[in-house]
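First the structure, in the form of structure tokens, and then the observations on it.
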Amino acid sequence: AGTESGMYISFDDGENWKPFQLNLPIVPITDLTIKNNNLIAATQGRSLWMIDDLTVLHQLDRSLAPKKSHLFRPMDSYRTDGYQNKNPKGEGMNHPGGVTVHYLVPDLDTASTTVKMAFLEKDGQLIREFSNKAKDKKDQLTVKPGANTFTWNLRYEDAKDFKGMILWWASMSGPRAVPGEYKVRLTVGDDVQEESFQILPDPRSPANREDFKKQFDFLLEIRDKVSEAHLAIGHIKDARSQLKAFTKRLDKEDDSLKPIFEKAEVIDSMITEVEEALYQTKNQARQDPLNFPIKLTNKLAHITSLTGGDYPPTDQAVELKNELTAEIDGWLNKLDLVKTVELPAFNKMIRESGVDVIQMKEE
């Protein structure tokens, strides 16, 4: 009910009323209508207001009061593009893109209780998981005692990166979920609840399910290959660090150790060649890609930046993806040669030389 002094709601056919103001200003409500389970309020002096997702009200029940936690069934959500200014001045907030999940944790001890929210495919395969105890910011779930809301942006896991990585116009984002049926799982301590929901295609889009699936598979292949290459770069950096730390302690004047130094240099040269083919190692600041050419993982991730909307990849995009993937695989095979042949030979050489792994420095 809209009145001269705000909004009210009744759960017993009008016998009793409670304030339903939320963040709506105290203002005369001149008209109300419902569209797709969203409430639209016309006000006198404060324009139009949207109160999103009335399905939470439909699911309220007195039996919820004593429960340790409760997960509401999410409202079916459209997969649409859009943008929202994070700090709007003089304009309203857009509806958040993705699936909005409402849940209750009335008596939560945030210090000792782990709360997790996972999004899954229809068959139960995990897509993303968020937690109030997650260390990575992108996986964190902010939870407070009482009512909570979380919005999943429909994206699968991002491509892997590494410390200090700088790319030019390359998207590391995972692909968006294809329209269909999905699940959300809320875990509060030992209490586990699941609900299903639908991701709906944008009714304005001409894309069909096959188009969505082609785009998803294409972007997933790019994400996985970029991740594989970036993980390899991380392994290269770790191996180089170990090589330097070990050879630094050896006596360069000892002729018997000369083969070890030479082998270490060969391995370092091989892994450096792979690293520099996959990634522009000269990038130290955001403007550096203006001076140094981008390398393979940057080129491949750039294709993701160019694949938008609901459309399948173009033939040219598929051709370029296959070409770059084959080139990356060639360098990864060379790195695998180092791992399976060169490093075992190096380690064998060290063992046979009898060099001490741990040495005490002498002045």
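Counting begins at 1 with the first residue of the sequence. Just so you know, these numbers use all the heavy atoms, side chains as well, and skip hydrogens, waters and symmetry mates.
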Do the non-hydrogen side-chain atoms of Ile328 and Lys225 ever get within less than 4.5 Å of each other? yes

Quick one: do the Asn153 and Thr151 side chains pair a donor with an acceptor below 3.5 Å? no

In terms of side-chain geometry, is the basic nitrogen of Lys244 or Asp268 positioned less than 4.0 Å from the acidic oxygen of its partner? no

Would you call Gln280 and Asn283 a side-chain contact if the rule is heavy atoms closer than 4.5 Å? yes

Asp336 side chain to Leu332 main-chain N or O, any donor-acceptor pair under 3.5 Å? no

Decide yes or no on side chain to side chain donor-acceptor pair (under 3.5 Å) for His70 and Lys67, but give the supporting numbers first. CA-CA 7 Å; His70 181 74; Lys67 293 182 68 174; 2.9 Å; yes

Short question: side chain of Ser77, backbone of Met75 - any donor-acceptor pair under 3.5 Å? yes

Between Asp109 and Thr113 (side chain of the first, backbone of the second, donor and acceptor by atom type, cut-off under 3.5 Å), is there such a pair? no

Do other residues, nucleotides or ligands put more than 12 heavy atoms under 6.0 Å from the CD atom of Gln198? yes

I'd like to know if the side chain of Asp136 and the backbone of Asp139 have a donor-acceptor N/O pair within less than 3.5 Å. no

Atom CD in Glu221, atom OG1 in Thr304: separation rounded to 0.5 Å? 11.0 Å

Run through Val266, Val338, Ile267 and flag the one making a side-chain contact (heavy atoms from CB on, under 4.5 Å) with Phe346. Ile267

Single-linkage hydrophobic cluster Leu141~Leu120, side-chain heavy atoms < 4.5 angstrom: no

Can you confirm whether Val105 sits close enough to Val143 that some side-chain heavy atom of one is under 4.5 Å from a side-chain heavy atom of the other? yes

Could you tell me whether Glu157 and Arg128 make a salt bridge, using a distance below 4.0 angstrom between a side-chain N and a carboxylate O? yes

Can you tell me how far the CG atom of Leu278 sits from the CD1 atom of Ile236, to the nearest 0.5 Å? 6.0 Å

Backbone N/O of Ser305 and side chain of Ser171: donor-acceptor pair under 3.5 Å: no

Tell me the closest heavy-atom pair linking Asn38 and Asp52, and the distance in Å. OD1-CA, 3.4 Å

Check whether Leu200 and Val178 end up in the same hydrophobic cluster, where Ile, Leu, Val, Met, Phe, Trp and Tyr are linked by side-chain heavy atoms less than 4.5 Å apart. no

So, Asp238 and Gln242: side-chain donor and acceptor under 3.5 Å apart, yes or no? yes

CD1 of Ile294 to CG of Leu167, rounded to nearest 0.5 Å, is 9.0 Å

Going by heavy atoms in the side chains, are Asp202 and Arg79 under 4.5 Å from each other? no

Considering residues, nucleotides and ligands other than Asn333, do more than 12 of their heavy atoms fall under 6.0 Å from its CG? yes

Can you name the nearest heavy-atom pair linking Met270 to Lys334, along with the distance? CE-CE, 4.5 Å

Can Arg185 and Glu129 be counted as an ion pair, charged N to O under 4.0 angstrom? no

Over all atoms of both residues, closest heavy-atom pair of Lys133 and Ser112: NZ-N, 4.2 Å

Flag if over 12 foreign heavy atoms under 6.0 Å of NZ, Lys18: no

Got a second to check how far Asp123's CG is from Gln125's CD, nearest 0.5 Å? 5.5 Å

With a 4.0 Å cut-off, would you call Arg73 and Asp76 a salt bridge? yes

Using a 4.5 Å cut-off on heavy atoms from C-beta on, say whether the side chain of Glu273 contacts that of Trp331. yes

Is the Phe150-Tyr103 ring centre distance short of 6.0 angstrom? no

What pair of heavy atoms forms the shortest contact from Thr100 to His102, and how long is it? CG2-NE2, 3.7 Å

Linked hydrophobic residues, Leu22 as query - side chain contacts closer than 4.5 Å: Met7, Ile9, Phe11, Phe20, Leu24, Val27, Ile29, Leu32, Ile34, Leu39, Trp49, Ile51, Leu54, Val56, Leu57, Leu60, Leu64, Phe72, Leu104

If I take atom OG1 from residue Thr247 and atom NZ from residue Lys263, how far apart are they, to the nearest 0.5 angstrom? 15.0 Å

When you look at CZ of Phe292, are more than 12 heavy atoms from neighbouring residues, nucleotides or ligands closer to it than 6.0 Å? yes

Just by distance, no angles: are the side chains of Ser69 and Gln193 close enough, under 3.5 Å, to form a donor-acceptor pair? yes

Give me the atom names and distance for the closest heavy-atom approach of Phe261 to Leu250. CZ-CB, 3.6 Å

Do any N or O atoms from the side chain of His302 and from the backbone of Trp169 form a donor-acceptor pair under 3.5 angstrom? yes

Is the side chain of Gln21 donor-acceptor paired with the backbone N or O of Pro25 at a distance under 3.5 Å, no angle test? yes

NZ/Lys258: more than 12 non-hydrogen atoms of other groups inside 6.0 Å: no

Quick one: does Thr30's side chain get under 4.5 Å of Thr43's, heavy atoms only? no

Using 30° and 60° as the class limits, which term best fits the ring planes of Phe197 and Trp152: parallel, tilted or perpendicular? perpendicular

Say whether Thr80 and Arg204, considering side chains only, have a donor N or O and an acceptor N or O under 3.5 Å apart. no

Donor-acceptor pair, Glu275 side chain versus Ile233 backbone, under 3.5 Å? no

Is it true that Tyr182 and Phe119 have ring centroids separated by less than 6.0 Å? no

Using every non-hydrogen atom in the two residues, find where Ser227 and Ala159 come nearest and quote the distance to one decimal. OG-CA, 3.3 Å

Is it the case that one hydrophobic cluster holds both Trp168 and Met172, taking links as side-chain heavy atoms less than 4.5 Å apart, direct or via other members? no

With sequence neighbours excluded, tell me which residues meet salt bridge (charged side-chain N to carboxylate O under 4.0 Å, His left out) with Arg176. Asp81, Asp310

Under-4.0 Å salt bridge between Glu276 and Lys295: no

CG/Asn291: more than 12 non-hydrogen atoms of other groups inside 6.0 Å: yes

Examine Met117 and Tyr156 and state if one hydrophobic cluster contains both, with Ile, Leu, Val, Met, Phe, Trp and Tyr joined whenever side-chain heavy atoms are less than 4.5 Å apart. yes

Does a salt bridge link Lys213 with Glu210, judged by any charged N lying under 4.0 Å from a carboxylate O? no

Which ILVMFWY residues can you reach from Leu48 by hopping between side chains whose heavy atoms are under 4.5 Å apart? none

Do Arg223 and Asp158 touch side chain to side chain, with heavy atoms closer than 4.5 Å? no

Ile40 side, atom CD1; Asp31 side, atom CG - distance, nearest 0.5 Å: 10.0 Å

Is Asn322 reaching over with its side chain to a backbone N or O of Val318, donor-acceptor style, under 3.5 angstrom? yes

Main-chain N/O of Gly14 paired with Asn16 side-chain donor or acceptor, under 3.5 Å: no

As a quick check of understanding, evaluate salt bridge (charged side-chain N to carboxylate O under 4.0 Å, His left out) for Glu195 and Lys183, giving each step before the final call. CA-CA 6 Å; Glu195 289 287 350; Lys183 297 178 181 179; over 6 Å; no

ILVMFWY network linking Phe212 to Tyr78, side-chain heavy atoms under 4.5 angstrom: no

What I'd like to find out is whether the side chain of Lys321 reaches to under 4.5 Å of the side chain of Ile222, using heavy atoms alone. yes

